[in-house]
There are 2 protein chains.
Amino acid sequence: MVVDTDRVFHALADATRRDILSRVIRSGQSVSELARAYPMSFAAVQKHVAVLEQAALVSKTRRGREQIVTGEVEALRRVSLLLDEYEEIWRQRAARIERILQEDEQA
Amino acid sequence: MVVDTDRVFHALADATRRDILSRVIRSGQSVSELARAYPMSFAAVQKHVAVLEQAALVSKTRRGREQIVTGEVEALRRVSLLLDEYEEIWRQRAARIERILQEDEQA
DNA sequence: CTAACGTACAACCACATGGTTGTAGATACG
DNA sequence: CGTATCTACAACCATGTGGTTGTACGTTAG
């Protein structure tokens with residue numbers, strides 16, 4: 001079962017896609033503008049954009065014959081929060097261990 | 001060129017691996033303890049652990065004949081910070097746009 | 001010592017991924 | 001209008017991924 005989180009992390013697991021994301025977060029760009037920036041075919045870039053789109057990290061809006069790709073910062077926030085949750089679990093565990101150590105010291 | 005960030009995100013792009021990570025962050029577990037928790041072969045779980053290890057999200061330490069897997073919270077922090085950077089880029093952009101709009105209003 | 005356990009790793013398979021080229025449909029420009 | 005541009009998508013290929021089974025080896029228990 002491929003969940004949403006899978007798609008987001010998978011989308012981010014490629015340097016080209018991360019670069020595309022940082023570009024379109026700064027300011028929207030058409031697919032062909034993006035394509036010109038990388039040493040690969042238009043179709044390849046188009047596929048990368050599609051992966052980012054499936055993960056809801058970017059969205060596309062028509063402007064004439066162009067398709068403008070824009071960054072969706074909300075999805076990024078969600079992932080970041082998810083990682084913070086993992087960190088929180090670890091923090092709690094560390095606190096628990098520390099508490100046990102202190103109890104031992106008092107005994 | 002596969003960079004370190006690729007490996008980390010790829011490691012996190014699988015529900016089983018994220019689950020393993022959350023388990024071993026709570027407390028270290030042997031590979032076979034982990035293997036018993038999932039409906040797949042020992043070898044499959046072993047591979048998942050290897051992927052997490054390559055991404056430096058977990059580490060292994062011998063304890064007798066067992067191999068204890070432990071979560072490496074530092075790597076998580078690095079990824080979280082990386083995502084925060086993307087968010088920061090967007091925040092700056094939003095601030096820039098707002099400034100422009102205010103300038104227009106004054107004119 | 002022998003048997004059981006925990007691990008490592010190779011070989012194999014089905015399927016996904018990242019790339020290519022080619023074709024075709026909209027839309028804008030001269 | 002015709003033509004160039006931007007996009008979409010299918011077909012194809014090499015390689016990677018997630019799973020399997022089987023074998024081998026070190027370590028512990030009896």
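Below, chains carry the letters A, B, ... as their sequence lines are ordered, and counting in each starts from 1. As the structure is a computational prediction, the values presented were derived from the model and not from experiment.
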(message) Applying salt bridge (charged side-chain N to carboxylate O under 4.0 Å, His left out), can you list everything that pairs with B:E72, at least two apart in sequence or on another chain?
(response) none
(message) Would you say that A:H10 contacts A:V51 through its side chain, given a criterion of any heavy-atom pair below 4.5 Å between the two side chains?
(response) yes
(request) May I have the distance from A:E53 (atom CD) to D:dT7 (atom P), rounded to whole angstrom? (result) 12 Å
(request) Look at the side-chain N and O atoms of A:S32 and state whether any lies under 4.0 Å from the OP1 or OP2 oxygen of D:dT7. (result) yes
(request) Apply the test side chain to side chain contact (heavy atoms under 4.5 Å, CB included) to residues A:V58 and A:I20: give CA-CA distance (whole Å), side-chain angles for both, the deciding distance (0.1 Å), then the verdict. (result) CA-CA 10 Å; A:V58 305; A:I20 289 177; 5.6 Å; no
(request) Would you jot down, in residue-number order, the residues of residues 40-49 of chain A having a non-hydrogen atom under 4.0 Å from DNA chain C? (result) A:M40, A:S41, A:A43, A:A44, A:K47, A:H48
(message) Tell me which residues in residues 9-23 of chain B lie within less than 4.0 Å of DNA chain C, going by non-hydrogen atoms.
(response) none
(request) Using the closest heavy atom to pick a nucleotide of DNA chain C for each, name whichever of A:P39 or A:R63 lands nearer the 5' end. (result) A:P39
(message) I need the CD-P distance between B:Q54 and C:dA8, as an integer number of Å.
(response) 13 Å
(message) When you measure from the centre of the six-membered ring of A:F9, is the NZ or CZ of A:R78 closer than 6.0 Å and no more than 45° off the axis?
(response) no
(message) Could you tell me how far apart A:K60 (NZ) and D:dT7 (P) are, to the nearest whole angstrom?
(response) 9 Å
(request) Give the rounded distance in Å between these two atoms: CG of B:L52 and C1' of D:dG18. (result) 14 Å
(message) Under 4.0 Å between a side-chain nitrogen and a carboxylate oxygen: does that hold for A:R18 and A:D14?
(response) no
(message) Could you check whether any side-chain heavy atom of A:L12 comes within less than 4.5 Å of a side-chain heavy atom of B:D6, counting everything from C-beta outward?
(response) no
(message) Could you work out, with salt bridge (charged side-chain N to carboxylate O under 4.0 Å, His left out) as the rule, every residue matching B:R77, not counting sequence neighbours?
(response) A:E87
(message) According to salt bridge (charged side-chain N to carboxylate O under 4.0 Å, His left out), who are the partners of B:R63, at least two apart in sequence or on a separate chain?
(response) B:E66
(message) In the structure I gave you, are the side-chain heavy atoms of B:L76 and B:V8 within less than 4.5 Å of one another anywhere?
(response) no
(request) Starting at atom CZ of A:R36, determine the distance to atom C1' of D:dT7, rounded to an integer number of angstrom. (result) 13 Å
(request) Carefully, step by step, assess A:V69 and A:Q29 under the rule side chain to side chain contact (heavy atoms under 4.5 Å, CB included). (result) CA-CA 5 Å; A:V69 184; A:Q29 290 189 30; 5.8 Å; no
(request) Measure from CD on A:Q29 to P on D:dT7 and round the result to the nearest Å. (result) 11 Å
(message) side chain to side chain contact (heavy atoms under 4.5 Å, CB included) for A:R17 and A:K47? Distances and angles first, verdict last.
(response) CA-CA 10 Å; A:R17 286 196 289 266; A:K47 279 192 186 179; over 6 Å; no
Could you list the protein-to-nucleotides 23-27 of chain D atom pairs, N/O on both sides, closer than 3.5 Å?
none

